[in-house]
Amino acid sequence: AQKITQTQPGMFVQEKEAVTLDCTYDTSDPSYGLFWYKQPSSGEMIFLIYQGSYDQQNATEGRYSLNFQKARKSANLVISASQLGDSAMYFCAMRGGNTGGFKTIFGAGTRLFVKA
Amino acid sequence: ETGVTQTPRHLVMGMTNKKSLKCEQHLGHNAMYWYKQSAKKPLELMFVYSLEERVENNSVPSRFSPECPNSSHLFLHLHTLQPEDSALYLCASSQEGSRERETQYFGPGTRLLVL
């Protein structure tokens, strides 16, 4: 069975500092994709970054980077130089290449609070 | 701006009402999804349409009825809902290709309150 675990219900970070949001996953698929989404209080789920299981390098998108450790089955999101607008819920998600059909599995989320 | 719009953004309805949620995607995608997000619960997939054909129905009660008239539009028809159906309903779309690489893009959601 596929599973995503986010163990941090809430996190605080000082403005301009970096923060790491944890995500571990479990799947039997040899090929899979990992995604991070941001959900502000307005409700919209905003796609941030993607990492493929066979990608040789860790994904980066601006201030977002994904610390992908395949052997540990972890895909942590690193946000550098935090901004007040980064305060939101963050969801880790996974989609298997073979199993799970059309399902993308989402974690429970981590609420990030950025302090001024 | 994500390219996926949803209307209405907020909806309050009684248990005997009939209403519909609308989703429209402007991204040229060929797959669309309905998700339910309740407080303190993970995102739940409800329905998936691929090329306008329903390919997944995640054991959703029949009081929720989806409709996909074309690849750009998706509806969720609601009737005789229960208070526990109050939630944020999110629509998403994606372009089918290599399955594990399909990125879903979400709309802003409809906040539904059933009284």
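In this text the structure is predicted, and so the values were computed from the model without any measurement. The sequence lines fix the lettering, A, B, ..., with proteins before strands; numbering per chain opens at 1.
- One finds the CZ atom of A/R95 at 5.5 Å from the OG atom of B/S94 (value rounded to the nearest 0.5 Å).
- Within the 3.5 Å criterion, the main-chain N or O of B/Q104 finds a donor-acceptor partner in the side chain of A/Y37.
- B/L43 has its side chain out of reach of A/Q39: every pair of non-hydrogen atoms, C-beta onward, lies at least 4.5 Å apart.
- In this structure, B/E84 places its CD atom where more than 12 heavy-atom neighbours from other residues, nucleotides or ligands lie under 6.0 Å away.
- Other residues, nucleotides and ligands contribute more than 12 heavy atoms inside 6.0 Å of the CD atom of B/Q82.
- Listed by chain and residue number, B/N30 satisfy the side chain to side chain contact (heavy atoms under 4.5 Å, CB included) test with B/L51 (two or more places apart in sequence, or in another chain).
- Taking OG1 of B/T103 as the start and CZ of A/F47 as the end, the distance is 4.0 Å to the nearest 0.5 Å.
- Listed by chain and residue number, A/D26 satisfy the salt bridge (charged side-chain N to carboxylate O under 4.0 Å, His left out) test with A/K73 (two or more places apart in sequence, or in another chain).
- Residue A/V13 is grouped with residue A/Y64 when hydrophobic side chains (ILVMFWY) are merged at heavy-atom distances under 4.5 angstrom, including chains of intermediate members.
- If you measure heavy-atom distances from A/Q51 to chain B, you find no contacts under 4.5 Å at all.
- Interface remark: B/E44 contributes no atoms to any contact with chain A (heavy atom separation under 4.5 Å).
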**Asked** Given the rule in the side-chain contact (heavy atoms from CB on, under 4.5 Å) test, do A/F106 and B/Y35 qualify, once you have shown the distances and angles that lead to the verdict?
**Response** CA-CA 11 Å; A/F106 287 81; B/Y35 285 89; 3.8 Å; yes
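- A 6.0 Å sphere centred on NZ of A/K3 holds no more than 12 heavy atoms belonging to other residues, nucleotides or ligands.
- If you chain together hydrophobic residues whose side chains sit under 4.5 Å apart, B/F75 and B/Y89 never meet in one group.
- Summarising the geometry, atom OH belonging to B/Y33 is positioned 6.0 Å from atom OG1 belonging to A/T104; distances are rounded to the nearest 0.5 Å.
- In terms of heavy-atom proximity, B/P42 sits nearest to A/G107 at CB-O, 4.4 Å.
- A pairwise comparison of heavy atoms in A/E44 and B/F106 identifies OE2-O, 4.0 Å as the closest pair.
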